[in-house]
Amino acid sequence: MNGRKHLLKPLAQCRSLLQRFKATRSLTSTKLLHARIIVSGLLSTSGSTAPVLSNLALTYALCGHVPHAAALFDELPVRSPSLCNALIRMYNLCGRHYEALYVFVRMLASGWCPPDYFTYTFVCKACSDLSLLDVGFAVHGKVFAAGFDADTFVQNALLALYMNCGAMGAARKVFDEMHERTVVSWNTMISGYFKNSYSGEAVMLFKLMMSAGVEPDSATVVSVLPACGNLKELDLGKCVHNIVEEKGLGNKNIAVSNALLDMYAKCGRMDEAQAVFHEMDKRDVVTWSAMINGYALNGDVGKALNNCRLMQFDGVKPNPVTISSLLSACSSSFLLKLGRCFHGWSMRQKLESDVTIETALIDMYAKCKRVDVSFHVLARALQKKTAPWNAVLSGCVHNGLAKEAIQAFKQMLIKEIEPNLATVNSLLPAYAILADLQQAMNIHGYVARSGLVRNVEIITGLIDIYAKCGRLESAHRLFNDIPRNEKDIVVWSVIVAGYGMHGHGEAAVLLFKEMVHSGVNPNEVTFTSVLHACSHAGLVEEGLDLFNFMLHNNPVKPHFDHYTCMVDLLGRAGRLQEAYGLIRTMPFKPNHAVWGALLGACVIHENVELGEIAAKWLFELEPENTGNYVLLAKIYSALGRWKDAEDIRHMMKKIGLRKAPAHSLV
DNA sequence: ATAGGGTTAG
């Protein structure tokens, strides 16, 4: 009795020491303590060795030293559920999830060491990190059988598991059946929906949570803010900002401020982002990256660069995300030289073999029309990752290199790199460019076999391909198969454009009206599609009606494209004066496309006066475009004004343009 | 002891 009392103190001391080593991750200290425990004979004499041992093993695990940890557990004479749980937890912590599952299986097999609700939360975490949905379902079955299905922790772990595996339906079912939802349950659902690119659902759940009277915490805030940014829900974002201020969540949690800053940046409010930035007393890489990315998104490369400099003055080193943001700023502004500089910088930072950076580099070179360099970067990429390949595919398509994209995709399959949704999404436009029915049917077959056909984006891509191939029946069949509530603005635009492109203006207008009727609000793209359809089919009155509808009853502001369509529509119909009138009342300076449409119409209707006006503007706006000179000369020739036609040819020679082939002048 | 959280990306 005496000896035992004497030993209790060192044991308590061990525990507090281990607690400290766990926090500091000090392997050397842990090893020393381990040695002292053995030398002191503490383990052989004490009755409560198991907690010390499991603690020691956990500490080893946290220090990243699994061999010692695993060996310790093997030495243990008796394995209680709590020890096994600690082992599973340890394997989870160091990323060896399969070993974690193996311990679980052994627990089940042993018969005398039944898993408890702690075990199940850890096991769910293991499946979640491994994205093993099948195993997850099996585990869920065991949860039911063991009667742990009403435990909130287990339920929350299941929610996270299903969300991580993309099984939103399964997650929702668990969530709906929970009798007690903690703030963690709500947070898991919100962030889960966002991660599965269902920002709308995420926002909706947040609103539900608020009306249910659940107190949001910092995790809630950082889960819902990215969704607000994604949807450009500035008002909701501001509400969340108010909550943060009221509860003082941003004061000690840098993630909260970073999320706020990013939300404002995504909503295009760099002033507000700057204000959040200003208020922060500490800034890390994420803060700076979010700022840089914000300016990049809003097209202000100068400010992005400036923030990059300030970041370095602040002593913060860039990470792959920082550099990718800078590279994407270069891609969207076609700054090849600057992009090359960042390529060099990534090399000096020893980050050039990071997948994120490789992908950003491939994207940057492709957008700057250097697909050759993109392929070069891809060739040097060692990892068998999908993302860089996707970037190459979309880079090819972006440059109209359909055959190269398809070739690259075949290479991908040969190299056994697994295609994903983004792969197919990047690839399908290549088939739309080719407009080859046989090949289209081949890829349709592939997509069907890959099981991706359930995705609306993919179906939209297929509809576009069939439409471009002229197979409107096939396109329409695919369109009809999409459930009514899943038909989004993009798929409507594609089908309208498909009919329009082949001269079926009436069908296009009808579909457009059906879309509006079904409650989908047209955007600038849909208006372009339908106006284009009208101009192709010569539906002047319908076109004018729709254009007026757009001007007066719709929040969508008309753009160059819409005016171009209208000028084209009126012009083709011979209503040249009206077309010219429209150009003169445009709310912005007419561009080359608008004048080009008028000039084209003047050629058809042999109208010199307006043709000359249009041409005069075009010579100024795009002096090196030979086509404009040719078209004006064509009008002169048609009217027998050979001298004027000859003058135009002289004019071209004077500004040093290559002489157009003679036949096009007549 | 247990579950959820910030910047990029095809």
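Lettering follows sequence order; numbering is per chain, from 1.
Between A:K247 and A:E215, at least one side-chain nitrogen of the basic residue sits less than 4.0 Å from a carboxylate oxygen of the acidic one, meeting the salt-bridge criterion.
Comparing A:T182 and A:N319 by the nucleotide of DNA chain B whose heavy atom lies nearest to each, the residue mapping closer to the 5' end is A:T182.
Dense packing is recorded around CD of A:Q312, with more than 12 heavy atoms of other residues, nucleotides or ligands lying under 6.0 Å away.
Taken from CG in A:L393 to CH2 in A:W389, the straight-line distance is 8.0 Å, to the nearest 0.5 Å.
Stacking annotation: A:F118 is not stacked on the base of B:dT2 (requires ring centroids less than 5.5 angstrom apart and an interplanar angle below 30 degrees).
Checked against B:dG5, B:dG10, B:dA1, the side chain of A:T359 finds its nearest nucleotide in B:dG10. Nearest to the side chain of A:Y117, among B:dT7, B:dT2, B:dG5, sits B:dT2.
With hydrogens and angles ignored, no donor-acceptor pair under 3.5 angstrom links the side chain of A:D217 to the base of B:dG5. With hydrogens and angles left out, the side chain of A:S191 and the base of B:dG4 share no donor-acceptor pair within 3.5 Å.
Rounded to whole Å, atom P of B:dG10 lies 19 Å from atom CD of A:E418. Between the OH atom of A:Y162 and the P atom of B:dA3 there is a distance of 18 Å, rounded to whole Å.
Counting any heavy atom pair closer than 4.0 Å across all strands shown, A:S394 reaches sugar-phosphate atoms only and no base atom.
None of A:V222, A:L249, A:L225, A:V256 except one satisfies the side chain to side chain contact (heavy atoms under 4.5 Å, CB included) rule with A:V240; the exception is A:L225.
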